[in-house]
Amino acid sequence: MKLELLADNFEAHKTVAKWYFDEWVSSIPGVTIDRVESKLAKATNRNSAPLIVLAKEHDELVGAAELKLHEMDVYPNFEHWLGGVYVKESVRGNGTGKILAMDVIKRARAVGISKLYLQTEALDGGLYAHCGFRPIEKIEYKGHHVLVMVAELDT
């Protein structure tokens, strides 16, 4: 598996936007694929948020994950987030999600980020519990029950 940044493969933002739109936001009134593409087009940093890490197998795009800023408005003091971890359905279960998550963690740590947050609908923590994240609380957010988690990166 090869990892690269959206900054090095900008056209991939259209594929990632389609994945995100179909998986998470297509039912939200007012959200369009163009709006998702526009947001992702700004995630082209190399050493700071927002950035997107892409996973490829045999030159095929198979996954993505983001280092984001302020993902949940109910937590205004939580700055850096791991989000948008998506793995193409045909390759799920082979560890791609964990590889992507760990790469975002590595990049966050390298630039001095001390805490990284995430939200997941996997109320047991899913793969993130195996990546160093611990639960903060379960809440209902925008109609979904989610677990908010944190990883302490400076320890």
Side-chain angles (χ1 to χ4, degrees), residues 1-21 23-25 31 34-57 59-88 91-92 94-139 141-142 144 146-155:
M1 177 169 312
K2 178 183 174 188
L3 300 179
E4 64 186 23
L5 293 173
L6 180 64
D8 298 318
N9 184 1
F10 182 72
E11 282 305 307
H13 85 284
K14 291 180 182 284
T15 299
V16 176
K18 172 101 171 84
W19 288 342
Y20 287 5
F21 183 80
E23 185 78 14
W24 294 305
V25 298
V31 178
D34 290 338
R35 186 170 157 196
V36 177
E37 281 183 19
S38 177
K39 182 180 178 199
L40 295 183
K42 297 172 186 167
T44 56
N45 291 314
R46 296 177 188 283
N47 297 306
S48 63
L51 65 77
I52 297 177
V53 178
L54 305 169
K56 285 182 152 182
E57 278 189 357
D59 289 326
E60 177 189 358
L61 192 61
V62 296
E66 297 179 69
L67 177 60
K68 303 171 87 172
L69 293 170
H70 302 286
E71 179 169 296
M72 296 178 77
D73 56 11
V74 295
Y75 297 104
N77 296 330
F78 293 3
E79 185 174 11
H80 296 97
W81 293 74
L82 168 63
V85 179
Y86 180 90
V87 176
K88 194 173 172 182
V91 296
R92 289 181 185 166
N94 72 354
T96 301
K98 184 173 183 180
I99 291 167
L100 284 163
M102 294 305 292
D103 191 73
V104 170
I105 291 167
K106 177 185 80 173
R107 291 173 189 277
R109 186 176 278 128
V111 297
I113 294 170
S114 61
K115 290 184 180 181
L116 192 59
Y117 300 91
L118 65 81
Q119 63 169 316
T120 177
E121 291 182 38
L123 298 181
D124 65 352
L127 75 94
Y128 307 109
H130 303 286
C131 294
F133 285 86
R134 64 174 176 75
I136 296 175
E137 72 176 321
K138 293 178 184 176
I139 66 166
Y141 185 70
K142 296 185 178 180
H144 298 277
V146 298
L147 176 64
V148 179
M149 302 180 80
V150 64
E152 307 278 345
L153 304 184
D154 57 353
T155 56

For I139 and V146, what are the C-alpha separation, side-chain angles and deciding distance, and is it a side-chain contact (heavy atoms from CB on, under 4.5 Å)? CA-CA 6 Å; I139 66 166; V146 298; 3.9 Å; yes
Working note: D8 + R46, criterion salt bridge (Lys or Arg N to Asp or Glu O under 4.0 Å); need CA distance, chi angles, decisive distance, verdict. CA-CA 9 Å; D8 298 318; R46 296 177 188 283; 2.5 Å; yes
Check against side-chain contact (heavy atoms from CB on, under 4.5 Å), I113 and R107: CA-CA 9 Å; I113 294 170; R107 291 173 189 277; over 6 Å; no
Chi angles and distances behind the side-chain contact (heavy atoms from CB on, under 4.5 Å) call for H80, K115: CA-CA 7 Å; H80 296 97; K115 290 184 180 181; over 6 Å; no
Evaluate side-chain contact (heavy atoms from CB on, under 4.5 Å) for L100 paired with V104, printing each intermediate quantity in order. CA-CA 6 Å; L100 284 163; V104 170; 5.8 Å; no
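With respect to L67, the side chain to side chain contact (heavy atoms under 4.5 Å, CB included) criterion is satisfied by exactly one of L116, L82, V53: L116.
Nearest approach of L147 to A122, heavy atoms of both residues: CD2-O, 4.0 Å. Closest of all the heavy-atom pairs between A64 and I52 is CB-CG2, 4.2 Å. Annotation for T96 and M1: closest pair OG1-CE, 3.0 Å, computed over non-hydrogen atoms. Counting all heavy atoms, side chain and backbone alike, N45 lies closest to A7 at O-CB, 4.3 Å. In terms of heavy atoms, W24 sits closest to V85 at CH2-O, 3.5 Å.
Under the 30°/60° scheme for interplanar angles, the aromatic rings of W81 and F78 are found to be tilted.
Side chains of M72 and V148 form a contact here, defined as non-hydrogen atoms less than 4.5 Å apart. When side chains are defined from C-beta on, Y141 counts as touching Q119, because their heavy atoms get closer than 4.5 Å. Side-chain contact between E137 and Y75: present, with at least one pair of heavy atoms (C-beta onward) separated by less than 4.5 Å. You'll find the side chain of T44 stays beyond 4.5 Å of the side chain of L51, heavy atoms only. At a threshold of 4.5 Å between non-hydrogen side-chain atoms, the residues I136 and M149 do not count as touching. Residues I105 and L153 meet the side-chain proximity criterion, which asks for heavy atoms closer than 4.5 Å. Residues Y86 and E23 form a side-chain contact, since some pair of their non-hydrogen atoms from C-beta on lies under 4.5 Å apart. L6 is not listed as a side-chain neighbour of V16, based on a closest heavy-atom distance of 4.5 Å or more.
The NE2 atom of H70 lies 8.5 Å from the CG atom of N77; values are rounded to the nearest 0.5 Å. Rounded to the nearest 0.5 angstrom, K138 NZ and T120 OG1 are separated by 11.0 Å.
Between D103 and K106, at least one side-chain nitrogen of the basic residue sits less than 4.0 Å from a carboxylate oxygen of the acidic one, meeting the salt-bridge criterion. At a threshold of 4.0 Å, the pair D59-K2 does not count as salt-bridged, since none of the basic side-chain nitrogens sits closer than that to a carboxylate oxygen.
A 6.0 Å sphere centred on CZ of R92 holds more than 12 heavy atoms belonging to other residues, nucleotides or ligands. Atom CG of N94 sits in a crowded spot, with more than 12 heavy atoms from other residues, nucleotides or ligands closer than 6.0 Å.
The closest side-chain donor-acceptor pair between Y20 and E66 falls under 3.5 angstrom.
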Can you give each donor-acceptor pair under 3.5 Å made by side-chain atoms of residues 124-135, sequence neighbours left out, with the distance rounded to 0.1 Å?
unit_1 : atom_1 : unit_2 : atom_2 : d
D124   : OD1    : G126   : N      : 2.9
R134   : NH2    : E152   : OE2    : 3.3

